[in-house]
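Notes for the one structure printed next.
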Amino acid sequence: MKVLIMNCSPVRNGATAEIVNIVSDCLKERYDVRNICIDDFDIHFCKGCRICHNTAKCIQHDDVDKVMGNYEWADIIILVSPSYWADIPGQFKVFIDRCTPWCNTHEPHASIKSGKKGYSVALRTGPSMGQCNRIIESIEHFYGHLEIECCGRLGLCSIENKEAVAQRRNEIIEFCNKHFIS
């Protein structure tokens, strides 16, 4: 099986990336794992023209199709997102907005292969799980419109930096073992 793990943070080597690395290390023995970072792609803002509602294609030419090619490749998608002001980072939101051609609420729409499973991991610096849940709900809403089955979630509070992730390593590994190693 193929697993895509996406760092939804614009920071390629921070706490979010450290979580991606831990998950990747847990899964790479059993799965074909590919890691990507939202910041590695050039993604333009949605123009709101709604042409994609009629054509299932965006008029802009950027890297959204490359990212969606990774989604198409994967059987399992794990999105790891930090909290930016109690929500997903802007770069990730821009990507979601640009996925409107794949949204199942209008016809025609582009689609990826069915049967994909999605997992959500959220982290934040503060102690309240409410903001993690908000991030996870955004991810799961996105999954729903791509017809990706939501299969598991993990919220990690009080993650200020990579060192704080190291203190939660066992919790992340336990999440992986519960959902992927049986």
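Numbering starts at 1 and runs along the sequence shown.
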Least distance between heavy atoms, H109 atom then C103 atom
CB-O, 3.2 Å
Might you work through the side chain to side chain contact (heavy atoms under 4.5 Å, CB included) test for T100 and H106, ending with a clear yes or no?
CA-CA 9 Å; T100 300; H106 59 81; 3.9 Å; yes
Under 6.0 Å from the CZ atom of R169, do we count more than 12 heavy atoms belonging to anything else shown?
no
Around R50, counting heavy atoms of other residues, nucleotides and ligands shown, do more than 12 lie under 6.0 Å from its CZ?
no
Sole candidate of L79, V20, V80, T16 that passes side chain to side chain contact (heavy atoms under 4.5 Å, CB included) when paired with V121:
V80
Is any side-chain heavy atom of R153 less than 4.5 Å from a side-chain heavy atom of N133?
yes
Using 0.5 Å steps for rounding, measure from the [atom1] atom of [X] to the [atom2] atom of [Y].
| X | Y | atom1 | atom2 | result |
| --- | --- | --- | --- | --- |
| I112 | I148 | CD1 | CD1 | 4.0 Å |
| I59 | C49 | CD1 | SG | 4.0 Å |
| I135 | C8 | CD1 | SG | 10.0 Å |
| C46 | D97 | SG | CG | 6.0 Å |
| I43 | K93 | CD1 | NZ | 13.0 Å |
| M6 | I36 | CE | CD1 | 5.0 Å |

Residues passing the ring pair (Phe, Tyr, Trp, His ring centres under 6.0 Å) test with F175, sequence neighbours excluded, are H179
Donor-acceptor contact present, side-chain E72 to main-chain K113, <3.5 Å
yes
Is there a donor-acceptor pair under 3.5 Å between the side chain of N7 and the backbone N or O of V11?
yes
Can you list the steps and then say if L4 with Y71 is a side chain to side chain contact (heavy atoms under 4.5 Å, CB included)?
CA-CA 7 Å; L4 174 66; Y71 278 56; 3.6 Å; yes
With sequence neighbours left out, write down each residue that passes side-chain contact (heavy atoms from CB on, under 4.5 Å) with Q60, or none if nothing qualifies.
H44, K47, C58, R98
Determine, using the 4.5 Å side-chain heavy-atom cutoff (strictly less than), whether I5 and I77 are members of one ILVMFWY cluster.
no
Taking the ring of F180 and the ring of Y119, is the distance between their centroids below 6.0 Å?
yes
Salt bridge (Lys or Arg N to Asp or Glu O under 4.0 Å) partners of E149, counting only residues at least two apart
K117
